[in-house]
Amino acid sequence: TQSTWDHSLVLDKEGNFEVFWNVNDTHITFEVHVKTHGYVGFGLSPNGNMFPSDVVMGWVKNGQTYFKDYHTAGHYAPILDHSQDWFLLYGAENEMGTVLKFIRKIDTCDPDDIAINVSRLHVLTYLYLTSCFKDAGDRCKQLEFKIIPRKGLILTC
C-alpha cells in the first residue's frame with residue numbers, strides 16, 4: 001500500500017516474506033507482502049519459540065479478506081482469541097501474492113496477548129502456498145511451503 005515505513009525486513013533469502021512496520025508510544029502497525037495465494041500467518045513471541053506467541057492469520061478469497069487474532073499455547077494449532085486485538089487495515093491479493101496491513105496496541109491488557117517490547121520482537125512467520133505451478137509435463141503441481149518459525153530473528157526499532 002502507499003505508506004511510509006520506518007522499518008522493513010525480508011524474512012527469507014528467497015524474498016517470499018517481507019515485513020514493514022512503524023511503532024509509536026501506543027501502537028504498532030505491520031504490513032506483510034507474502035508470495036502466496038494461501039493463508040498467511042504472522043506472530044510475535046517474547047522468546048523466539050512457537051509458544052507463547054501472539055499470532056494473526058489472514059487470507060484473501062474472491063476479493064474478500066479474512067483476518068483473525070490467535071495465540072499459541074503449545075505445539076498445536078493456534079487458538080482463536082476471545083478478544084480480537086489485531087485490526088485489519090488493508091488486505092489484497094494480486095499476481096505477486098498477498099498483502100495484509102494490520103495494527104495492534106503495544107499492550108492490550110489481554111492475557112492471551114503478549115505486551116510488545118518494541119526494542120526486541122521475535123518474529124514467527126507461516127505461509128501456505130496454494131498456487132498451481134506447471135511442471136515439465138504441463139501438469140498442475142501444488143506447492144506447499146512453510147516457514148515455521150524464524151527463531152532468533154529479532155526486529156529492532
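Note that the structure is a prediction, hence the values are computed from the model and not measured.
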Task: Partner residues of Asp107 under the side chain to side chain contact (heavy atoms under 4.5 Å, CB included) criterion, sequence neighbours left out - done: Cys109, Ala115

TODO: Quick one: list whatever passes ring pair (Phe, Tyr, Trp, His ring centres under 6.0 Å) with Tyr70, sequence neighbours left out.
DONE: none

TODO: Spell out, yes or no, whether Ile114 and Val56 are grouped together once hydrophobic residues are joined by side-chain heavy atoms under 4.5 Å, including indirect joins.
DONE: no

Task: Side chain proximity check, Arg104 to Ile116, heavy atoms < 4.5 angstrom - done: yes

- [ ] Find out whether Val19 and Phe42 are in side-chain contact, i.e. whether some heavy atom of one side chain is under 4.5 Å from a heavy atom of the other.
- [x] yes

Open item on the list: Just verifying a value: how many Å separate Ile106 CD1 and Asp113 CG, rounded to the nearest 0.5 Å?
Closed with: 12.0 Å

Task: Residues that Asp112 engages under side-chain hydrogen bond (donor to acceptor under 3.5 Å, both in side chains), provided they are two or more places apart - done: none

- [ ] Decide if the gap between the ring center of Phe20 and the ring center of Phe30 is smaller than 6.0 angstrom.
- [x] no

TODO: Working to the nearest 0.5 Å, report the span between CE of Met57 and CZ of Phe67.
DONE: 11.0 Å

Donor-acceptor pairs under 3.5 Å, side chain of residues 78-88 to any protein atom, not counting sequence neighbours: which ones?
| from | atom 1 | to | atom 2 | distance (Å) |
| --- | --- | --- | --- | --- |
| Asp81 | OD1 | His71 | N | 3.3 |
| Asp81 | OD1 | His71 | ND1 | 2.3 |
| Ser83 | OG | Asp85 | OD1 | 2.9 |
| Ser83 | OG | Asp85 | OD2 | 3.2 |
| Gln84 | OE1 | Asp69 | N | 2.8 |
| Gln84 | NE2 | Asp69 | O | 3.1 |
| Gln84 | NE2 | Asp81 | O | 2.9 |
| Trp86 | NE1 | Asp54 | OD1 | 3.4 |
| Trp86 | NE1 | Asp54 | OD2 | 3.2 |

Task: Note, Ile28 side chain near Trp21 side chain (heavy atom, < 4.5 Å) - done: yes

Open item on the list: Is there a side-chain contact between Asn22 and Trp5 in this structure, where contact means two heavy atoms from C-beta onward sitting under 4.5 Å apart?
Closed with: yes

TODO: Could you check if a side-chain atom of Trp59 sits within less than 4.5 angstrom of a side-chain atom of Val40, using non-hydrogen atoms only?
DONE: no

- [ ] For the residue pair Val55 and Thr72, establish whether any side-chain heavy-atom pair is separated by less than 4.5 Å.
- [x] yes

Task: Transitive ILVMFWY side-chain link Tyr66 to Val60, under 4.5 Å - done: no

Open item on the list: I'd like to check the side-chain hydrogen bond (donor to acceptor under 3.5 Å, both in side chains) partners of Thr65; sequence neighbours left out, ordered by chain and number.
Closed with: none

Open item on the list: Donor-acceptor check, side chain of Asn62 to backbone of Gln64, threshold 3.5 angstrom: yes or no?
Closed with: no

Task: Note, Thr29 side chain near Leu89 side chain (heavy atom, < 4.5 Å) - done: yes

Open item on the list: According to side-chain hydrogen bond (donor to acceptor under 3.5 Å, both in side chains), who are the partners of Thr98, at least two apart in sequence or on a separate chain?
Closed with: none

Open item on the list: Taking Ile103 as the starting point, is it possible to reach Val32 by hopping between hydrophobic residues whose side chains are less than 4.5 Å apart?
Closed with: no

Task: 4.5 Å side-chain heavy-atom contact, Glu93 and His37 - done: yes

